[in-house]
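This report concerns only the one structure given below.
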Protein chains: 2
Amino acid sequence: MTRHEKHFSSNKEKEFEFTCRKHGLSLTIQRRAILENLAGRTDHPTADQIYDAVKEHLKGVSKTTVYRVLETLVNFGLARKVNNPEAKARFDADTSRHHHLTCITCGAVLDIHAQQLNRLSFPEELHGDVEFIDYSINFNGRCPACLKKSGAKNTE
Amino acid sequence: MTRHEKHFSSNKEKEFEFTCRKHGLSLTIQRRAILENLAGRTDHPTADQIYDAVKEHLKGVSKTTVYRVLETLVNFGLARKVNNPEAKARFDADTSRHHHLTCITCGAVLDIHAQQLNRLSFPEELHGDVEFIDYSINFNGRCPACLKKSGAKNTE
DNA sequence: AAATATTTGACATTTATTACCATTTGCAAT
DNA sequence: ATTGCAAATGGTAATAAATGTCAAATATTT
């Protein structure tokens, strides 16, 4: 499957349609296009970045709509906001448990998939006080591109 | 030591003075007051929240200065930005390895200290491709206050 | 195809952050 | 302590990110 396939992952598409019908949400082309774009990339884009990508295909989309649709997708579990230190929201259509590496050099956010990291147990001593639902690990370090550019070790 | 002591943790104060001298930064009362405030709280405040707190003692502080000083503190390793999903920066003067719980109900960000979580090994299979420096786990769930208010289980 | 409920697009507004620059302050050298 | 200069601050303006409003457009139901 290529990055530019016209229709997005049928899994996600089915989930989208199911969720919309379940909650009485209209299946609009804007929602479909925005989720399709988000699901087709792994760079954890901001709303603006999605807007830039989506406006090519959907002439006349409003930025307001992009923000609103993303909020809707998050509210209904079709996407998540990625934990990050910057002052802007980043989105991810992959709602399964996985982790991220934020590059200290370029700021890119990469997915880290590793079975061993998906089975952490919640701290026993806090059970009862707090309720744990899920977790995600944020690594910081350097991405392949930046690592390559600067030789092996940090040169700062 | 109480939460409202006039002078902040001498450890942090010493670190502050050492770091400033090391890098030729002036020891201004603004920097001192802002770091003192940040170090004296565990709620991972935004720049605005720090401004609100600090302006009581430091009449005439500029919001610009608060933003600027926080950026400086982060740049020189005296504070960190906390990974979070919101579209604003949150700060933490605790730069040691620890983790956070974000309450899905009220949005509060709590510290999670647990030895068992501090010794994760970085994914072997990615060594060489990426450089891992540190990590922080973001739990989501519910904080003690919200858990108490709503009985045992989620009532949404 | 018509009726109705929902969503969108355009604009206005708020919130968060950064840029700019004249004034002030910290600090080192008298 | 006083001077001189580099560095930082404060105030204002500008930019960026996100949200609110509402009439027009679209999806869904009938």
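Lettering follows sequence order; numbering is per chain, from 1.
The minimum heavy-atom distance linking His100(B) with Ile112(B) is given by the pair C-CG1, 3.9 Å. Counting all heavy atoms, side chain and backbone alike, Asn138(A) lies closest to Asn83(A) at OD1-O, 3.2 Å. Of all the heavy atoms in Tyr67(B) and Asp48(B), the pair that sits closest is OH-OD1, 3.7 Å. The shortest non-hydrogen separation linking Glu125(B) to Ala114(A) is OE2-CB, 3.8 Å. Nearest heavy atom pair, residue Val66(A) against residue Ala47(A), reads CG1-O, 3.5 Å.
Atom P of nucleotide dA16(C) and atom CG of Leu70(B) are separated by 14 Å, given to the nearest angstrom. Counting to the nearest Å, the P atom of dT9(D) and the CG atom of Leu27(B) are 11 Å from each other. The nearest whole Å value for the distance from the CG atom in Asn84(A) to the P atom in dA17(D) is 12 Å. The CG-P distance, from Asp52(A) to dA17(D), rounds to 11 Å in whole Å. If you measure from atom CG of Asn75(A) to atom C1' of dT7(C), you get 15 Å, rounded to the nearest angstrom. Rounded to an integer number of Å, the gap from Asp48(B) CG to dA16(C) P is 5 Å. Rounded to an integer number of Å, the gap from Ile34(B) CD1 to dA8(D) P is 13 Å. Straight-line distance from the NZ atom of Lys63(A) to the P atom of dT14(C): 19 Å, rounded to whole Å.
The side chain of Tyr67(A) contributes no N or O atom lying less than 4.0 Å from OP1 or OP2 of dT19(D). Of the side-chain N and O atoms in Thr46(A), none sit less than 4.0 angstrom from OP1 or OP2 of dA17(D). Residue Gln30(A) places no side-chain N or O under 4.0 Å from the OP1 or OP2 atom of dT26(D). Within the 4.0 Å cut-off from OP1 or OP2 of dG10(D), not a single side-chain nitrogen or oxygen of Thr64(B) is found.
A salt bridge does not link Glu71(B) with Arg68(B): every distance from a Lys NZ or Arg NE/NH1/NH2 to an Asp or Glu carboxylate oxygen is 4.0 Å or more. Contact check on Arg32(B) versus Glu13(B) returns a salt bridge, with a Lys/Arg side-chain nitrogen under 4.0 Å from an Asp/Glu carboxylate oxygen.
A donor and an acceptor atom, one from each side chain of Asn118(A) and His113(A), are nowhere located under 3.5 Å apart. Checking Asp92(A) against His98(A) by side-chain atom types alone, a donor-acceptor pair falls below 3.5 Å.
Nearest-nucleotide mapping onto DNA chain D: of Val61(B) and Glu86(B), the residue sitting toward the 5' end is Val61(B). With DNA chain D read from its 5' end, the first of the two nearest nucleotides for Ala47(A) and Thr65(B) is the one closest to Thr65(B).
Within 6.0 Å of atom CD in Glu124(A), 12 or fewer heavy atoms from other residues, nucleotides or ligands are found, so the atom counts as exposed in its surroundings.
Residue contacts for Thr28(A): at a heavy-atom cut-off of 4.0 Å it reaches the sugar-phosphate backbone alone, with no base atom in range. When heavy atoms are screened at a 4.0 angstrom cut-off, Arg31(B) is found touching the sugar-phosphate backbone but no base atom.
Arg68(B) contributes a side-chain N or O that forms a donor-acceptor pair with the base of dG10(D) under 3.5 Å.
Taking a 4.0 Å limit (strictly below) on heavy-atom distances, residues 19-26 of chain B reaches DNA chain D at Leu25(B), Ser26(B).
Note that the two end axes of the helix from dA1(C)-dT30(D) to dT30(C)-dA1(D) enclose an angle of 40°, each drawn from 5 base pairs, rounded to 10 degrees.
In the set dA16(C), dT9(D), dA18(D), the nucleotide with an atom closest to the side chain of Ala87(B) is dA18(D).
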